[in-house]
Amino acid sequence: AAVSRPRYVLVGATGQLGVDLVRAFDLPGELIPLTHADLDLLDAAGTETRLRQLSPTHVVNTAAYNRVDQAEDDRAAAFALNARAVGDLAAVCESLGAALVHFSTDYVFDGRRATPYLESDAPNPLNVYGESKLAGERLALERCERAVVFRVSGLFGVARSSGKGGTNFVETMLRLAREGRKIRVVADQVLGPSYTLDLARKVWTVLPKAAHPIYHLTNAGETSWYGFARRAFELAGLAPDLTPVTAAEHGAKARRPAYSVLGHAHLRALGEDDLRPWDAALAAYLAERPSSV
């Protein structure tokens with residue numbers, strides 16, 4: 001049979017990562033962006049019908065339940081979208097001979113170490129959101145032979161996150177500063193903040209030569225949420241009242257890992273571990289974001 005031209009169906013095209021995947025797409029073949037109105041992953045039958053019509057070679061899924069604290073009280077909803085729907089999607093992809101490209105999170109790890117987590121390290125999530133995302137990864141890889149999972153962290157991008165009320169951490173911090181608020185940010189959780197445009201470009205570079213089932217994908221370097229906020233204010237020329245606090249003082253509903261920096265062994269194996277540092281990416285984002293927001 002003739003090899004069909006690549007056809008990438010993108011689920012969640014209006015989200016923070018989805019928008020940048022559309023902007024950065026530069027592969028042979030075509031990209032078909034679908035919004036939630038076009039495709040509701042919770043409707044398994046409707047999803048299957050739609051995908052059979054489109055006959056993709058790849059399905060790229062950025063849709064997720066990502067309200068981390070709310071998930072603690074809403075386990076069923078988190079698992080419905082982050083796990084069950086992913087398993088259903090993977091099964092459809094397998095039946096169509098398509099690859100499923102799925103996104104997961106640094107929150108699959110427990111944060112009990114102080115060096116970056118590699119793809120081979122054992123997950124052990126601390127919260128319901130992380131549990132649901134880990135379950136989704138496993139279903140994706142079990143049910144679709146050609147599945148690829150990208151674990152990402154601390155996302156910021158110009159589209160913000162539709163699931164987080166149209167904002168992201170950087171935008172929230174800038175808004176609080178403009179409102180003249182006292183700002184308290186957790187200083188004892190370390191991560192690798194990541195610019196969705198940088199990640200999107202790398203996804204499209206890696207996919208044609210992907211050789212592993214899981215890739216850690218973040219900007220380089222690491223910082224605490226407090227360090228992330230402080231750098232955003234410096235770059236934006238703001239000097240708000242900013243105080244570091246502990247996670248215990250902050251008292252969020254969901255436990256989060258104290259250290260969830262992702263190491264890039266599999267990108268390195270492909271010669272693709274060249275993402276710029278998070279603070280250079282943050283500067284680029286601040287220069288690019290619409291200043292009207």
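Note that this is a predicted model, so its numbers are computed, not measured.
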For the pair Asn168 and Leu155, evaluate side chain to side chain contact (heavy atoms under 4.5 Å, CB included) and give the outcome as yes or no after the intermediate values.
CA-CA 7 Å; Asn168 62 40; Leu155 300 183; over 6 Å; no
Q. Given His264 and Thr218, is the side chain to side chain donor-acceptor pair (under 3.5 Å) satisfied, shown in steps?
A. CA-CA 8 Å; His264 306 149; Thr218 60; 2.7 Å; yes
| task | Report the C-alpha separation of Phe156 and Glu171 in whole Å, then their side-chain angles, then the decisive distance to 0.1 Å, and conclude whether the side chain to side chain contact (heavy atoms under 4.5 Å, CB included) test is met. | result | CA-CA 9 Å; Phe156 56 93; Glu171 295 305 320; over 6 Å; no
**Request:** Could you walk me through whether Ser104 and Glu137 pass side chain to side chain donor-acceptor pair (under 3.5 Å), step by step?
**Result:** CA-CA 7 Å; Ser104 189; Glu137 287 185 11; 2.7 Å; yes
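With Tyr285 as reference, Tyr195 is the one residue of Tyr195, Phe228, Phe169 to meet the ring pair (Phe, Tyr, Trp, His ring centres under 6.0 Å) rule. Among Asn127, Asp69, Asp188, the one residue that satisfies the side-chain hydrogen bond (donor to acceptor under 3.5 Å, both in side chains) test with Arg256 is Asp69.
Residues satisfying the side chain to side chain donor-acceptor pair (under 3.5 Å) criterion with Ser260, sequence neighbours excluded, are Asp106. Taking the side chain to side chain donor-acceptor pair (under 3.5 Å) definition, one finds that Glu119 meets it with nothing, sequence neighbours left out.
Among residues at least two apart or in separate chains, ring-ring contact (aromatic ring centres under 6.0 Å, His included) pairs with a member in residues 12-45 are Tyr8-Phe25, Phe25-Trp204. Counting only residues at least two apart or in different chains, salt bridge (charged side-chain N to carboxylate O under 4.0 Å, His left out) contacts with residues 15-24 comprise Asp20-Arg23, Arg23-Glu288.
Distance CZ/Arg276 to OG/Ser194: 11.5 Å, rounded to 0.5 Å.
Judged purely by atom type and a 3.5 angstrom limit, Arg7 uses its side chain to pair as donor or acceptor with the backbone of Leu54. Between the side chain of Lys202 and the main chain of Glu272, a donor-acceptor pair closer than 3.5 Å is present.
The residues Arg113 and Asp121 are annotated as salt-bridged, a charged nitrogen and a carboxylate oxygen being separated by less than 4.0 angstrom.
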For residues 85-103, dump all side-chain donor-acceptor pairs below 3.5 Å to protein atoms at least two apart in sequence or in another chain.
{"from": "Glu94", "atom 1": "OE1", "to": "Glu145", "atom 2": "N", "distance (Å)": "2.7"}
{"from": "Ser95", "atom 1": "OG", "to": "Arg52", "atom 2": "NH2", "distance (Å)": "2.9"}
{"from": "Ser95", "atom 1": "OG", "to": "Val92", "atom 2": "O", "distance (Å)": "2.8"}
{"from": "His102", "atom 1": "ND1", "to": "Asn61", "atom 2": "ND2", "distance (Å)": "3.1"}

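Other members of the cluster containing Val245 are Val186, with ILVMFWY side chains joined at under 4.5 Å, either directly or via other members.
At a threshold of 4.5 Å between side-chain heavy atoms, the hydrophobic network of Ile, Leu, Val, Met, Phe, Trp and Tyr places Leu118 and Val206 in two separate groups.
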